[in-house]
> 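If you scroll down you'll find the structure; I have some questions about it.
In this text the structure is predicted, and so the values were computed from the model without any measurement. Atoms within each ligand, like the ligands themselves, are counted from 1 in listed order. The basis for the numbers below is simple: all heavy atoms, side chains too, and nothing from hydrogens, waters or symmetry mates. Index from 1, following the sequence.
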Amino acid sequence: MTEEIIDLSRLDSFVNNNLQIQCEMGKTLPISLFLKAVEHAPVAISITDRKANILYINKAFTDVTGYVACEIIGENESKLSAKSTPREVYQTLWKTISQKEVWQGQLVNCHKNGQRYLADLTISPMLDESGAISHYIGMHRDITQSHQAGQLVDNQKQLIESVVNGSPVAMVVLDADHKIILDNQKYKMLVSDMGMPEPALYFIAALQEEMPDLWVSKRNFNQREVRFEGTGQGRTRWFYCSGNWFSEDDTDADNYFTKHTNSYLLLSLNDVTLQRRQQEKMHLQTLRNILAEEEQIRSIRETLLGAMHQIRQPMNQIGAAIQIMAQRNDSQNHALKELLNQVQRMGEETLATLQLCVPEIPETAVIPVNLNQLLHEVLMLYSHTFLANGVIIDWLPTAILPSILGSENKLRMLFKQLLDNAVDAMNRAGSKERYIKISTSVSEKWVNVSIADSGPGIPANQHSKVFEPFFTTQNMGGIQAGMGLVMAREIVSQHNGIIIIDPVYTDGCCWSISFPFDKKSFRTDS
Ligand code: FAD
C-alpha cells in the first residue's frame, strides 16, 4: 500500500513545475491550494496506479459513488462497474490510456447503494520523469439525468417523426429564408411526383400571390386552394394548403443571454385532386347546361341583330327616296310618297319590336377569376368539338397566375367565341395541320392570354375591321356571321382589357388578350 500511496515528492515536483511557470509571471502559489482545488472540485476525481487501483479520491467522488475513502482506497476502479458496459468499451479505454492518450467516454457504474448511474468519465495518464505512465487520473460525473432528458427528447422526436411520416398530408417546415428544415415521407413523394426539386417553394410563391405579407404578418392560414398546372391536359392538381407558424429559441452561444427566436412555417399540403376532379365533373355538367342556354341566347341575339341589319339597309334606301321626293316637291307621286312613308313607319315599328326581342346576355357577379381555371374548364367543355374536328389543343398555362376581376360567364363566352372562330377558320381553309395553342402569362400588371391557331389567319388590312358589326372574312356572309368578335371586344373592354391580333404571328391567327390584375383579390386574412 505504501508504494501505492501518492509520492508527494513527485506531486511536489509536478506542482513545482507549474509553480515555476507561475513564477515566471512573477507570482507564487502554495501547493496546498492545488490540493484543495482537487479535493473540493465539483467532479469525482480519483488517482490510481497503473492497474487502476485507487490511491486517492476527492469529496465529490464520495458524493457520486457513495464510497468514502476507507471503503475504496486500494480497490480497483472495476468496483464501480455495473457489469453491463460492453467489453469492447473497456478494451478501447485501456488501449487508449496505455498509449499515453486521454480517454473520454461513458460507462455504466453502480453506486454503493446498488443504484446504477451513467458515468461520463475522462482518464488521463500521468507520466514520471522518464516519460513512463506512473498513475492515472480519472474524473467522472453522473450524467444519468441529462442522458434521460436527452433520451426523452430523442424519443419524442422519433414519435413526432413517425406521426408526421405516417400522415397522409405532405408536410414541410421552412425557415425565414425559405430553406426546408424538415419534411415527411408524403412530401418526399410529392418531390418525385411533381418533378421539381422543392415543390414547397412553388406553393409558397402561389400563396404569396394571394397573401403578399405572408412572411411579415406570420398569420396562420387554413385550406387555401392552390392549383398546380401540369404541362399537358389532365395533369392539373389541386392542394389545400394550411400554414402554422411557430418560433424556436436560437441555440447559438452568442444568443445565450440575449434571447433570440427564429420563426418557422409548418406548411401542410393536402392533395385534393381526386375530390376536385369529382367536383369539376359536376361543375362542368352545370356549366354545360348554363352554356347551352347562353349559346341559345347568343344565337337568337345574332339572328335578330342580323335580321335588323338586313332590314335597316332597305329602310335607309326608302328613307333616302322619301327625302329625294320631298326635295323635288313631287306632287304627282303623292300616293307613292304616302306608301313609302307608311312602309318606313311599319319598318321602324318592326325594328323596334325586334329590338325588344333581342335577349340580353345575363349579367353574373364580378368576382376574382383565375383564367387558368376558366380556360381549363372551357377546354374541357369543348373537348368533344376539338376531337370531332381533329384539332390538337396545346395548353400552356403559366404556373402562377394572379386573378382578374371579372364575370365568369362572359369570359367563358369570349374564349368560346375565339376558339369557335379558330376551329371554323381551319375547317373552311381545310388546314391539314390543325392546332390551337393557348397560353397564359403575366407581365407587369397584366394577365395575358394568347390563342394561336394554324388556320389561314386574317389579312393585316382587316385586323381592325373584324371588330366592326357584321363584318366577315367569309365569302358566304349571312346573318349568323359578323357579331362574334363585336361581342368578344365588348366583353374584353367591360373587363378593362385589350384584345388585338398579334401582327407578328404568321402561322394563322393569334389573339392576344390582356386583363389587368385584380389587386383587391389579394387577401391577407387568416
Ligand atoms: P477487467 O479485467 O478489469 O478489464 C477489462 C478489459 O480491460 C480487459 O480486456 C483487459 O484487457 C483490459 N485491461 C484491464 N486492465 C488493464 C491494464 N492495466 N492494462 C491494459 N489493459 C487492461 N471502470 C468502470 O467500470 N467504472 C469506472 O468508473 C472506472 N473508472 C476508471 C478510472 C481509471 C483512472 C482507470 C484507469 C480505470 C477505470 N475503470 C473504470 C476501468 C476499470 O479499471 C476496469 O478495467 C473495468 O471496470 C472493467 O473491469 P472488469 O473487472 O470487468 O474487467
Side-chain angles (χ1 to χ4, degrees), residues 1-18 31-151 154:
M1 188 73 181
T2 44
E3 260 186 42
E4 305 296 340
I5 287 171
I6 299 175
D7 182 346
L8 276 178
S9 65
R10 241 192 282 158
L11 187 63
D12 274 350
S13 72
F14 171 72
V15 177
N16 276 334
N17 279 342
N18 276 349
I31 298 163
S32 59
L33 193 64
F34 288 89
L35 292 171
K36 272 186 190 164
V38 174
E39 188 63 14
H40 298 287
V43 58
I45 296 176
S46 58
I47 298 173
T48 73
D49 63 12
R50 290 194 306 273
K51 292 179 180 167
N53 295 315
I54 300 171
L55 307 174
Y56 165 82
I57 59 163
N58 72 348
K59 280 198 169 72
F61 189 94
T62 303
D63 297 340
V64 175
T65 65
Y67 292 107
V68 290
C70 62
E71 294 167 326
I72 197 90
I73 300 281
E75 298 280 354
N76 193 280
E77 292 273 10
S78 64
K79 188 165 182 177
L80 297 177
S81 169
K83 309 292 176 206
S84 59
T85 303
R87 276 242 123 341
E88 305 77 59
V89 177
Y90 293 125
Q91 282 167 356
T92 316
L93 177 160
W94 280 106
K95 196 173 167 213
T96 310
I97 60 176
S98 305
Q99 288 169 351
K100 300 179 187 174
E101 283 171 19
V102 175
W103 180 87
Q104 196 276 323
Q106 290 78 40
L107 303 175
V108 184
N109 273 1
C110 198
H111 190 273
K112 185 185 162 189
N113 64 13
Q115 183 109 29
R116 278 149 193 255
Y117 68 92
L118 190 67
D120 183 43
L121 172 67
T122 302
I123 304 177
S124 281
M126 295 164 79
L127 309 181
D128 61 16
E129 294 85 0
S130 65
I133 296 171
S134 62
H135 299 87
Y136 292 111
I137 178 162
M139 287 167 281
H140 82 265
R141 285 183 310 124
D142 178 350
I143 57 159
T144 313
Q145 279 189 357
S146 60
H147 168 71
Q148 278 171 349
Q151 201 58 46
D154 280 356

> Are more than 12 heavy atoms from other residues, nucleotides or ligands located less than 6.0 Å from atom CD of Gln151?
yes
> Need the ligand 1 atom indices (1-based, order shown) with element for anything under 4.0 Å from a heavy-atom of Ser81.
25 (O), 47 (O)
> Would you please say whether a donor-acceptor pair under 3.5 Å links the side chains of Glu77 and Thr48?
no
> For atom 43 (O) of ligand 1, what is the closest protein heavy atom, and at what distance to 0.1 Å?
Asn76 OD1, 3.2 Å
> Report the part of Val108 (side chain from C-beta onward, or backbone N, CA, C, O) that has a heavy atom under 4.0 Å from ligand 1; answer both or neither where that applies.
neither
> Do Val89 and Leu107 make a side-chain contact, defined as non-hydrogen atoms from C-beta onward lying under 4.5 Å apart?
yes
> Of all heavy-atom pairs between Lys51 and Trp94, which one has the smallest distance, and what is that distance?
C-CH2, 4.1 Å
> State, to 0.1 Å, how close Glu75 and Glu71 come at their nearest heavy-atom pair, and which atoms those are.
CG-O, 3.7 Å
> With a cut-off of 4.0 Å, which atoms of ligand 1 are near a heavy atom of Asn109?
24 (C), 25 (O), 26 (N), 27 (C), 28 (O)
> Tell me: protein heavy atom nearest atom 39 (N) of ligand 1, and distance?
Glu77 CB, 3.6 Å
> Give me the nearest non-hydrogen protein atom to atom 11 (O) of ligand 1 as residue plus atom name, then the distance to 0.1 Å.
Gln91 CG, 5.0 Å
> If we ignore angles and hydrogens, is there a donor and acceptor under 3.5 Å between the side chains of Tyr90 and Ser78?
no
> Using non-hydrogen atoms of the residue, decide whether Arg50 is closer than 4.0 angstrom to ligand 1.
yes
> Looking at every heavy atom in both Ile97 and Trp103, which two are closest together, and how far apart are they?
CG2-CB, 3.8 Å
> Can you list the ligand 1 atoms lying under 4.0 Å from a non-hydrogen atom of Tyr136?
34 (C), 36 (C)
> Protein heavy atoms: any of them under 4.0 Å from atom 8 (C) of ligand 1?
no
> Would you call the rings of Tyr117 and His140 parallel, tilted or perpendicular, taking 30° and 60° as the class edges?
parallel
> I'd like to know if Arg87 contacts ligand 1, where contact means a heavy-atom distance under 4.0 Å to any ligand atom.
yes
> So which heavy atom in the protein is nearest atom 35 (C) of ligand 1, and how far is it from that ligand atom?
Ile123 CD1, 3.6 Å
> Using every non-hydrogen atom in the two residues, find where Gln106 and Gln104 come nearest and quote the distance to one decimal.
NE2-NE2, 3.8 Å
> Select the closest option to atom 16 (C) of ligand 1 among Trp103, Tyr90, Trp94, judged by heavy-atom distance.
Trp94
> Are there protein heavy-atom neighbours of atom 25 (O) of ligand 1 below 4.0 Å?
yes
> Quick one: which ligand 1 atoms are inside 4.0 Å of a heavy atom on Ala52?
35 (C), 36 (C), 37 (C), 43 (O)
> For atom 49 (O) of ligand 1, what is the nearest protein heavy atom, given as residue, atom name and distance?
Ser78 CB, 3.3 Å
> Tell me, do Ile72 and Ile57 make a side-chain contact under 4.5 Å, heavy atoms counted?
yes
> Considering only heavy atoms, does Thr85 approach ligand 1 within less than 4.0 Å through its side chain, its backbone, both, or neither?
neither
